[in-house]
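Some notes on the structure that comes next.
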Amino acid sequence: MKKKYLALALAASLVVSTLAGCGSKGNTTESPAAPAETTAESSADTSAEESTTADAGSAAHGPSSEAAPAWEEYNARIAAIRTETDLAKREALMHEAEDELMSTWAVIPLYYYNDVYLQKTDVDGIYANLFGFKYFGYATTPTNTLALQIASEPNKLDPALNSTVDGACLAILAFSGLFMYDENGQLVPDLAESYEMTEDGLSYTFTMKDGLKWSDGTELNAKDVEYSWQRLANPDTGADYAYLTTVIATKDDGTLDIEASEDGKTFSVNLVAPCAYFLDLCAFPAFYPVPQASVEGADGYADNPGAWCTEAGFVSSGPMVCTGWKHNESMTYEKNPNYYDADRVTLDKIEFMLSSDDTAIYNAFVDGSLQFADTIATDMMATVKDTPEFHKIPTLGTYYCGFNVNSDLFAGKTVEQAAAMRKAMCLLIDRQYIVDTIAQAEQEVANTFIPTGMSDGNGGEFRKNDDDYTYPLEDKVGYYDTEMTDANMEEVQALLESAGYQFDESGMLSAETPISMTYLTNDSEGNVKIGEAIQQDLAAIGINVTVETREWSVFLDERKQGQFDFAREGWLADYNDPINMLEMWETDSGNNDMQFGR
């Protein structure tokens, strides 16, 4: 899930093809996308040009650009992961998918997320999970009111259409799912009273709680869940997360194989294969039920499926309801008396400050106008880190930046040359400087897309070297060395020369072969400063980067549409399985910002 606020080089000898993953020593021959078995070894004698050609792989290319990698094999591999029941083979396929993704050098990890925020000491009951979702509904304060900030104007409040972390926090406050996470990070029933799973793991039946209501007092039951899940999967809805429903079997008419009982008491789901994270999906906001009458009765519904919740007063089902919304300024949520667990909610009201002005947010927290601030001004980090109001919690996610593979930046280049350009620019970025001077929360610099701590779905941690898989840079447990070295700088020049660029005697790009591009980011202070740091790093050899900032919702739309060369990115996992960070790059995924296969 995209994170709104602040919180690559393969070894020179690596043999990775965009059509064949590397590093996996396991037997994956049963997969339709399985590559030939390869082993990565270190060899300082291998030239950068040879490495670049190997990294970029075959001469096949994407449909819109001769410089973009072909993506059919990646799509096939993700499909194979979803149906593979042998956990060891599934893990091997996921390593192959990350190998293929990273070999494009279009996804450039910078650091692994942790989450930092400020909270007044007399506020209690706010909790978060590993995926960045914050639960404010059960908070307690001396006055039973809470003033907080999590972001600026939300992009979308419709749970099915949202793809941001701040939007998810608002969805959790206003809506409910079959399951939720408790204060210990454990999955517990929410709208569901209980569930049963068949022995083969392919079918689930949920029994709904009695007496459930929407905030307007009308009945909420399993039929609402069925409607909402079908809506999520329907292409007409335009949900970025529609691909999450592919774990569910489909009927002959193409709709999901799900069904609510006639009385609305039970909800049944049939899966295509056993899915270890299925209950996590039941707790994920995209799967929250929404009220059909409100959704389809809204003005503008035909053109905008989310028109029903663009102003205050929309019908919801969670601990609180949105009663006021001054766009780009504030939102007000008040206790929902029709919430099934209303007796547990002590807050009468939550006031949200909508802002991306880090200094204003910090000043509001200091003067007591805010009791919770999810954004910390970069210049204030050193001041607040040792105070009791500062909180740092672990999350599963990666802050990164990415190239639009169809950008005119790569016009006239081959797949191999475009990959060489991206790899060179990846090597120039000083990640430790970004962590130490901008992020400042002791983040771990990243050299893989799938973060430290994520499960491998097979009883271990994914980012580990073991008997079945060794990362290309074994000693770095990743794909490139994050330290700026003389060898890296030499490789940068060799890579760019292999892509047709020339250098003068001082080691700067020749005026005859310049590189100019844009870096797109939202307008919060930390993200802009990271863009400026990257701008300086690339300028070290004469690459000209223009940092372009946008208001949050405009930024999201332009990035989604591929209206950029290079862009700020961030992804917090939606559940603890690597497939979540791999399936987002399928061609048809609404989160495929890098435009793979398009």
Side-chain angles (χ1 to χ4, degrees), residues 117 119-129 131-151 154 157-159 162 165-193 208-221 224-225 282-285 287-291 294 309 312-325 330-354 370-374 391 393:
Y117 58 89
Q119 179 178 311
K120 295 295 186 182
T121 56
D122 60 357
V123 175
D124 200 6
I126 296 174
Y127 65 91
N129 61 20
F131 317 119
F133 300 168
K134 292 186 174 68
Y135 291 76
F136 300 110
Y138 301 121
T140 60
T141 70
T143 61
N144 291 333
T145 62
L146 176 63
L148 60 83
Q149 175 274 340
I150 56 172
L157 292 188
D158 187 323
N162 170 67
V165 175
D166 59 294
C169 295
L170 293 171
I172 288 166
L173 184 62
F175 295 90
S176 300
L178 291 176
F179 270 69
M180 64 178 290
Y181 293 94
D182 67 13
E183 63 274 16
N184 300 311
Q186 301 300 308
L187 284 166
V188 295
D190 193 7
L191 296 176
E193 180 70 33
M208 307 292 288
K209 285 182 167 72
D210 291 328
L212 295 173
K213 295 180 181 179
W214 292 105
S215 58
D216 64 357
T218 58
E219 182 184 7
L220 190 167
N221 60 40
D224 296 302
V225 183
C282 294
F284 187 64
F287 287 84
Y288 286 2
V290 293
S294 295
C309 57
F314 56 89
V315 176
S316 59
S317 61
M320 310 200 85
V321 294
C322 180
T323 57
W325 189 354
S330 65
M331 299 181 79
T332 300
Y333 284 73
E334 297 184 39
K335 181 175 178 177
N336 175 13
N338 287 312
Y339 179 50
Y340 76 87
D341 203 15
D343 290 345
R344 191 177 158 205
V345 178
T346 62
L347 289 178
D348 296 320
K349 182 184 295 186
I350 298 180
E351 294 280 3
F352 285 88
M353 174 184 182
L354 302 179
L370 288 176
Q371 297 158 283
F372 180 100
D374 216 21
H391 295 259
I393 58 176

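- D122 is linked by a side-chain contact (heavy atoms from CB on, under 4.5 Å) to K120, P142, counting only residues two or more places apart in sequence or in another chain.
- For the salt bridge (Lys or Arg N to Asp or Glu O under 4.0 Å) test, no residue two or more places apart in sequence or in another chain qualifies with D224.
- The salt bridge (Lys or Arg N to Asp or Glu O under 4.0 Å) test applied to D182 returns no partner, not counting sequence neighbours.
- Here the side chains of F314 and C322 are in contact, with some heavy-atom distance below 4.5 Å.
- Legend: residues meeting side-chain hydrogen bond (donor to acceptor under 3.5 Å, both in side chains) with D343, ordered by chain and number and at least two apart, are absent.
- With values rounded to the nearest 0.5 angstrom, Y181 atom OH is found 9.5 Å from I172 atom CD1.
- S294 meets the side-chain contact (heavy atoms from CB on, under 4.5 Å) test with P291, W308, V315; sequence neighbours excluded.
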- Item | From CA spacing to verdict: side chain to side chain contact (heavy atoms under 4.5 Å, CB included), L157, M331 | CA-CA 12 Å; L157 292 188; M331 299 181 79; 3.7 Å; yes

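- Atom NZ of K213 sits in a sparse spot, with 12 or fewer heavy atoms from other residues, nucleotides or ligands closer than 6.0 Å.
- Residues meeting the side-chain contact (heavy atoms from CB on, under 4.5 Å) test with D124, sequence neighbours left out: T140.
- For F179, the ring pair (Phe, Tyr, Trp, His ring centres under 6.0 Å) partners at least two apart in sequence or on another chain are Y195.
- When side chains are defined from C-beta on, D341 does not count as touching P319, because their heavy atoms never get closer than 4.5 Å.
- With rounding to the nearest 0.5 angstrom, the CG atom of L173 is 14.0 Å from the CZ atom of F133.
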Side-chain donor-acceptor pairs under 3.5 Å in residues 345-352, sequence neighbours left out?
| unit_1 | atom_1 | unit_2 | atom_2 | d |
| --- | --- | --- | --- | --- |
| T346 | OG1 | A139 | O | 3.2 |
| E351 | OE1 | T332 | OG1 | 2.7 |
| E351 | OE2 | T332 | OG1 | 3.3 |

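- Between D190 and K209, every side-chain heavy-atom pair lies at or beyond the 4.5 Å cut-off.
- Two residues are said to be in side-chain contact when any heavy atoms from C-beta on lie closer than 4.5 Å; V123 and F372 fail this criterion.
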- Message: side chain to side chain contact (heavy atoms under 4.5 Å, CB included) for V225 and M208? Distances and angles first, verdict last.
- Response: CA-CA 10 Å; V225 183; M208 307 292 288; 3.9 Å; yes

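- C169 is linked by a side-chain contact (heavy atoms from CB on, under 4.5 Å) to K134, F136, I150, V165, counting only residues two or more places apart in sequence or in another chain.
- What you find for S176 and S317 is that their closest heavy atoms are N-OG, 3.1 Å.
- Scored by the ring pair (Phe, Tyr, Trp, His ring centres under 6.0 Å) test, Y135 finds Y127 as partners (sequence neighbours excluded).
- Q371 places no side-chain N or O within donor-acceptor distance of the main-chain N or O of L148, the cut-off being under 3.5 Å.
- Minimum heavy-atom separation, L191 to P289: CD1-CG, 3.6 Å.
- Taking each heavy atom of G324 and A312 in turn, the nearest pair found is N-CB, 3.5 Å.
- Take E193 and apply the side-chain hydrogen bond (donor to acceptor under 3.5 Å, both in side chains) test, not counting sequence neighbours, and it matches no residue.
- With contacts defined as side-chain heavy-atom distances shorter than 4.5 Å, the pair W325/C309 does not qualify.
- Residues satisfying the side-chain hydrogen bond (donor to acceptor under 3.5 Å, both in side chains) test with T218, not counting sequence neighbours, are D216.
- Within the 4.5 Å cutoff, side-chain heavy atoms of I126 are placed close to those of L146.
- Two residues are said to be in side-chain contact when any heavy atoms from C-beta on lie closer than 4.5 Å; Y288 and S316 fail this criterion.
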